[in-house]
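A short worksheet on the structure shown next.
Just so we're on the same page: letters track the sequence lines, and every chain starts at 1.
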There are 2 protein chains.
Amino acid sequence: MAKLQKSIEKRDALVQATIDLVNNHGFHATPISKIAKLASVSPATIYLYFDNKQDLVNKVYVEVKATFTDYAFKTYSPTMPVAEGFELIWKRIADFKLNQCRESLFLAQCDNAPIIDETSRQEGISHLKPLLDLWQRGKTEGVINPVSDFLLYAYTINPLSFLMIMQQRGVFKIEKSHIEEAFQAAWNSIKKVN
Amino acid sequence: MAKLQKSIEKRDALVQATIDLVNNHGFHATPISKIAKLASVSPATIYLYFDNKQDLVNKVYVEVKATFTDYAFKTYSPTMPVAEGFELIWKRIADFKLNQCRESLFLAQCDNAPIIDETSRQEGISHLKPLLDLWQRGKTEGVINPVSDFLLYAYTINPLSFLMIMQQRGVFKIEKSHIEEAFQAAWNSIKKVN
DNA sequence: AAAAAAAGAATGAACGTTCATTTTTTATAT
DNA sequence: ATATAAAAAATGAACGTTCATTCTTTTTTT
């Protein structure tokens, strides 16, 4: 086998082709033959890098999700005050969704539809732990509303996915000012008021 | 043709089968043969009611969307005060998403993925007009933040779709108390503060 | 008895995957 | 450095299957 000897560039071309085609047509409407063509590779070559089509999309999902969360938490430290840490993470996430549209759209597709395997989905979610820990801290300190993490996510992170999809679809353009408005909306929806 | 003579029950069974199978496997992974089987009908019969597979999903989408918006605006009148009207509509929508999970999940799938045709998508969106009118009124009266409708939608309606998907996936159960929390979060994120 | 609706079988195209072969890379010997 | 042999990587064609759709026949309704 010796996977390390195989061309990294070729594997990466396959990953990029998968992202593009799934974004534009959906996973099940994207044939292996087209992924191969877009990556300038033979269909058979795909099976040297991945077990099968399902394994391909699972692996792409987990890797893109890891890239996303790495970016999101890059400048965050658990010692920061809750409000500051949240703003930091939120704006990194907004930044990612704004500037890395292809990757973000792919993640949104996989998160909302029955495309990837449950284990890969779980693995993706596990990368969000720092944010969940921050929220826990915020609730304990009385800075964040003591509601379910699902609600916090629904009202702070998920709206960004929606806006990104609208932007990708060409009906809405996210400007710098929108980011600030959106952050205020997010923070207002979860901050504790006494 | 004489479509009215054909069995309404049979057509409805096809619609229901489509919703169920698309929810569980995605549109492109749902063969006509399985839709036919679940509806207890021959594959050929589908083509008596719909032009083709794409036409089937387009029509199901538009019809389900119409059902949804009919429910959402049932008790609303444009003469209501903005805050009251918004709460009414929002809670009807929450109610629908909570109780009509199958239909809601189907709409979410179609809204987030490249499944349906653009014209059908536009037709679906057009049904939301009363809500957009209400928001316009709210902005004019200084009750609602003067931000893009996309932002208002992202922070009030879209979170419900996320919560519904999580509930459908079995990781989260929406309780009565969550509804109230969620409404407060939604309203806090868009109400004008001076 | 005629017309409409429904059915199952048939069709050609497209799919994911595998196979036999060729090309490229690597390692070795000169 | 160069030639060569072994190994690895990549390929295009082929396989069996499944798909959406159509065709011909049967059943049901009028």
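Rounded to an integer number of Å, the gap from A:Asp55 CG to C:dT17 C1' is 14 Å. For B:Leu56 and D:dT21, the CG to C1' distance is 14 Å, given to the nearest whole Å. Atom OH in A:Tyr49 sits roughly 11 Å away from atom C1' in D:dA8 (whole-Å rounding). Summarising the geometry, the separation between CD1 on A:Ile46 and C1' on D:dA10 is reported as 12 Å, rounded to the nearest angstrom. B:Ile35 has its CD1 atom 17 Å from the P atom of D:dT18, to the nearest Å. One atom, CG of A:Leu14, and another, P of C:dT17, lie 14 Å apart when rounded to the nearest Å. If you measure from atom CZ of B:Phe50 to atom P of D:dT22, you get 16 Å, rounded to the nearest angstrom.
Here the side chains of B:Glu103 and B:Thr67 are not in contact, with every heavy-atom distance at 4.5 Å or above. Side-chain contact between A:Val22 and A:Tyr61 is absent, with no heavy-atom pair separated by less than 4.5 Å.
Each of A:Asn52, A:Asp51, A:Asn58 was checked for a side-chain hydrogen bond (donor to acceptor under 3.5 Å, both in side chains) with A:Gln54, and the lone residue meeting it is A:Asn58. Among the candidates B:Ile125, B:Leu132, B:Leu131, B:Asp133, the single residue satisfying the side chain to side chain contact (heavy atoms under 4.5 Å, CB included) test with B:Lys129 is B:Asp133.
Crowding of B:Lys91 atom NZ: a count of heavy atoms from other residues, nucleotides or ligands under 6.0 Å exceeding 12.
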Name the pairs: protein N/O against N/O of nucleotides 7-12 of chain C, kept only if under 3.5 Å.
residue, atom, partner, partner atom, Å
C:dA7, OP2, B:Ser42, N, 2.9
C:dA7, OP2, B:Thr45, OG1, 2.6
C:dG8, N7, B:Ser42, OG, 3.0

N/O to N/O distances under 3.5 Å, protein versus nucleotides 13-16 of chain C:
residue, atom, partner, partner atom, Å
C:dG16, OP1, A:Ile32, N, 3.4
C:dG16, OP1, A:Lys53, NZ, 2.8
C:dG16, OP2, A:Ile32, N, 2.7

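In this structure, CG on B:Asp55 lies 12.5 Å from CD1 on B:Ile116, to the nearest 0.5 angstrom.
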Practice task
With ring pair (Phe, Tyr, Trp, His ring centres under 6.0 Å) as the test, would you mind laying out the steps for A:Phe172 and A:His178 before giving the verdict?
Solution key: CA-CA 11 Å; A:Phe172 179 61; A:His178 291 132; 5.0 Å; yes
Practice task
Give the C-alpha distance, both sets of side-chain angles, the deciding distance and a yes or no for side-chain hydrogen bond (donor to acceptor under 3.5 Å, both in side chains) between A:Ser177 and A:Glu175.
Solution key: CA-CA 5 Å; A:Ser177 61; A:Glu175 314 278 359; over 6 Å; no
